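When a ligand or atom number is given, it counts from 1 through the structure's own listing order. Worth saying up front: this structure is predicted, and the values here are computed from it rather than measured.
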Amino acid sequence: MSAAEPDGKADGVANNHERTRTGSSVDTLRRAILDNLFYVQGRFPEVATPNDWYLALAYTVRDRMLHRWIDTAQTYKRTQARTACYLSAEFLMGPHLGVNLINLEIWDNVKKALAELGLDLLELLDQEPEPGLGNGGLGRLAACFMDSLATLEMPAIGYGIRYEFGIFDQRIEDGWQVEVTDKWLLHGNPWELARPKLTFDIPFGGSTEGYTDEHGQQRVCWTPERVVRGIAYDTPVMGYGVDTVNLLRLWKAEAPESFDFAAFNAGDYYGAVDKKIMSENLSKVLYPNDEGHAGKRLRLEQQYFMVSCALRDMIRIHLKSGSGLDSFHEKYACQLNDTHPALAILELFRLLIDDHRVETSLAWEIVRGTFSYTNHTLLPEALEKWPVSLFGGVLPRHLELLYEVNELFLDEVRIKYRAHDEGRIAKLSLIEENGGSLVRMANLACVGSHTINGVAQLHTELLRTTVLKDFHDLWPAKFTNVTNGVSPRRFLRLANPWLSQLIGGAIGCDWVRDLEQLKSLEQYVDDRGFLDDWRKARRQAKLRLAKLIKARNGVTLDPDSLFDAQVKRIHEYKRQHLNLLHIVSLYNRLKDDPSSDMVPRTFIFGGKAAPSYRLAKLIIKAINAVADVINRDPDIDGRLRVVFLPNFNVSNAQYIYPAADLSEQISLAGKEASGTGNMKFMMNGALTIGTLDGANIEIRDAVGEENFFLFGLDASQVGQMRHAGYEPTRVLAHDDELRAALELLDSGLFAHGERGLFSDLTANLRHADPYLVLADFAAYRERQQAVGECWRDPACWTRMSVANVANTGRFSSDRAVHEYAERVWKISAKPVGK
Ligand code: NBG
């Protein structure tokens with residue numbers, strides 16, 4: 001049957017071999033999997049392990065992407081398409097296999113083909129190690145944007161680092177977080193293609209010297225102290241239901257020569273390999289965030305390595321097309337994903353002036369025409385700054401250029417205001433003089449970009465009025481907002497097969513590429529049959545999560561209890577401890593009055609703490625300790641369950657979002673830039689309990705206040721309260737339940753009798769409470785009470801759940817990418833072959 005089978009679109013060749021690599025019928029897929037098992041893995045079915053089969057399948061899927069990839073590249077080349085380059089130190093892609101099966105629309109056929117081979121697709125999906133090349137929201141956003149760019153058929157390249165070790169694996173031992181290295185490359189990575197010939201030698205350190213060129217021009221020559229070679233590794237990123245496959249190009253660091261032969265010959269074997277090791281260190285490991293980067297030379301070197309490789313690659317492509325560098329900014333729109341790649345501004349300037357001899361003012365014009373900058377945080381401690389001495393040691397030429405740019409920029413400021421205002425100049429300067437001098441990366445990003453954006457309306461507003469106020473005063477038109485979005489392919493279509501199927505049956509499947517279509521689900525909010533099916537579909541997802549938690553935590557969950565979930569990085573501003581205090585107070589209530597009527601709840605936590613963030617790690621310990629006691633207490637009788645699912649990552653996120661009834665988005669107002677987990681929960685039909693922070697505000701606007709559990713201070717009230725002098729002890733004095741909860745945490749009950757184990761946490765709340773946990777506690781408790789009441793009316797709850805999904809359209813990353821494309825990048829779709 002296979003020979004007559006109409007295969008994939010570009011598969012025009014009537015040749016058996018070709019068909020095996022491109023066709024998508026069940027029979028062809030089965031043959032292809034076997035072929036890859038033989039010829040790529042060198043295995044045969046009788047001895048193949050699940051991992052062998054996974055790899056055979058992955059290659060089968062990759063084969064189906066490759067010709068589309070080449071067609072896409074040819075289309076872009078032929079049309080000389082303007083291209084968005086997403087520069088990011090993090091791409092938290094998550095497992096590729098599932099989403100590629102969805103995007104290629106071959107899920108069902110692959111499933112059948114595997115069944116014929118006696119294999120289970122879900123089992124093979126589980127084999128894939130997660131490429132965790134990111135910390136959290138910022139890295140995952142980059143991945144969702146890559147997905148949307150491809151789906152919208154927009155020319156784009158993602159540039160980043162191929163870390164050998166991504167974000168650490170989190171184990172929980174005795175309730176504590178333990179970090180373990182993540183060996184995602186251990187069994188090979190079928191999704192990437194190494195490009196050993198595509199390399200750049202990146203200079204570091206050394207010194208600079210002026211000289212006069214043959215035309216009498218003053219120039220500068222940088223003589224580096226060492227060179228590291230960047231090698232390209234390409235990962236195809238498939239669009240949904242289209243032929244577009246875009247490129248994610250990650251750089252691996254190597255030594256230009258594996259051995260220093262002089263040292264080797266002199267008998268210094270270790271010295272000879274030393275250099276190689278030092279070079280390779282550059283792409284060895286992803287830095288966990290919240291680490292305080294100042295002084296971390298390796299981190300600075302990583303950033304430079306990445307942007308220099310990326311820019312040299314862009315220049316290479318541009319020159320190859322026959323264009324001159326004066327049109328570089330017409331060819332490329334480069335997005336700086338936070339300040340991590342902001343060195344690209346100086347590096348492009350340097351490459352243009354020093355290496356390509358572009359005249360300085362034209363070079364600066366090109367630079368400013370090229371870059372745009374997204375800010376992802378308002379936390380002052382997260383804004384990157386580098387000691388000038390470190391900066392100059394690693395990048396001597398860039399420091400000179402930084403001073404040059406700064407001088408020109410500060411003159412621009414003086415001229416604009418017709419004054420020399422010391423205060424203003426000090427705030428805007430690229431250098432902070434505060435004890436030691438520091439290079440301010442956010443300021444550099446603002447000065448070198450044509451557009452600056454925040455990631456939710458409130459966040460952008462706060463950027464305009466606080467963190468970047470002086471830049472906004474100077475260039476109001478540079479600022480814009482693009483609220484984040486998430487990929488409906490991964491986080492609904494793939495993650496939640498049951499709900500996807502139900503939705504598909506009701507309104508068809510076009511929502512996968514046009515999420516606004518979910519709006520028409522509103523016609524079903526009073527349809528009892530539909531609501532029943534909705535509950536059943538959601539229950540399936542809860543059962544799946546319960547199974548995972550049983551396996552990982554050994555805790556049995558009641559799928560009919562209210563699943564109340566908070567999954568995200570552990571951080572004081574996100575206030576997992578507010579949630580925890582509420583749980584402890586519920587526990588107290590049930591112990592005081594075992595007959596009290598409370599809806600059964602399962603509290604699910606997940607998230608990693610930065611390895612050096614002590615208080616965050618203590619919060620993890622506290623959650624686990626409380627879970628341990630509550631889950632064992634016979635008085636509670638399963639009415640409360642608390643679990644901390646270890647190692648929150650994209651893979652298990654796909655189990656959690658679909659299973660949650662309630663989404664906890666309880667950060668202190670004004671702190672969470674946007675949040676994207678909030679969107680993923682909503683998209684799957686969870687209701688939100690949340691503050692007026694980040695994108696919660698827009699979620700509430702979209703779904704209507706009656707479908708959202710709002711509580712707490714808003715950003716301006718937070719400011720006022722601080723201004724008036726906030727005293728947590730005063731709150732405590734008036735709230736017996738809250739006091740009792742804190743006291744119970746201190747009592748030793750949750751610490752095998754060890755009093756004081758949590759005192760750093762509780763004392764911090766009692767005496768400082770920098771994130772106003774206590775101030776918001778009463779409002780939170782009250783809203784949680786309302787959540788419980790609402791849960792008692794399943795029809796009402798389900799209606800609200802449907803309403804949430806129906807109004808989720810705006811939170812697709814497709815919408816966000818459209819906005820960037822139109823307002824920031826000025827790129828448009830280039831469908832393959834057209
Ligand atoms: C995070 C913010 C989130 C936001 C994501 C994506 C970093 C540094 N910032 O609120 O905390 O949703 O970025 O924009 O990861």
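Side chains of Ser283 and Arg162: a donor-acceptor N/O pair is absent below 3.5 angstrom, by distance only.
The Glu672 neighbourhood of ligand 1 comprises atoms 2 (C), 3 (C), 10 (O), 11 (O), with distances under 4.0 Å to a heavy atom of that residue. Atoms of ligand 1 found under 4.0 Å from any heavy atom of Ala673 (numbered from 1 in listed order, with element): 10 (O). Set against the non-hydrogen atoms of His376, the atoms of ligand 1 under 4.0 Å away are 1 (C), 2 (C), 6 (C), 9 (N), 11 (O), 13 (O), 14 (O). Residue contact check: Tyr573 has heavy atoms under 4.0 Å from atoms 11 (O) of ligand 1. Close approach to Gly675 involves these atoms of ligand 1, each under 4.0 Å from a residue heavy atom: 3 (C), 4 (C), 10 (O), 12 (O). Heavy-atom contacts of Gly137 reach the following atoms of ligand 1: 5 (C), 6 (C) (cutoff under 4.0 Å).
Around atom 6 (C) of ligand 1, the closest heavy atom drawn from Asp338, Val455, Asn484 belongs to Asn484.
Scanning the protein heavy atoms around atom 7 (C) of ligand 1, the nearest turns out to be Leu138 CB, 3.7 Å.
Note on Lys671 versus Asp693: no salt bridge recorded, every NZ/NE/NH1/NH2 to OD/OE distance being 4.0 Å or above. With respect to Arg513 and Asp814, no salt bridge is recorded, no charged nitrogen being found less than 4.0 Å from a carboxylate O. Between Lys826 and Glu822 no salt bridge is recorded (no basic side-chain N to carboxylate O distance below 4.0 Å).
Neither the backbone nor the side chain of Asn135 comes within contact range of ligand 1; no heavy atom lies under 4.0 Å. Looking at Thr377 against ligand 1, nothing comes within 4.0 Å, counting heavy atoms.
If you look at Tyr771 and His577, their ring centroids are not closer than 6.0 Å.
Among pairs with a residue in residues 334-348, those fulfilling salt bridge (charged side-chain N to carboxylate O under 4.0 Å, His left out) read Arg312-Glu347, Glu347-Arg350, at least two apart in sequence or across chains.
With Glu179 as reference, Lys617 is the one residue of Lys617, Lys608, Gln170 to meet the side chain to side chain donor-acceptor pair (under 3.5 Å) rule.
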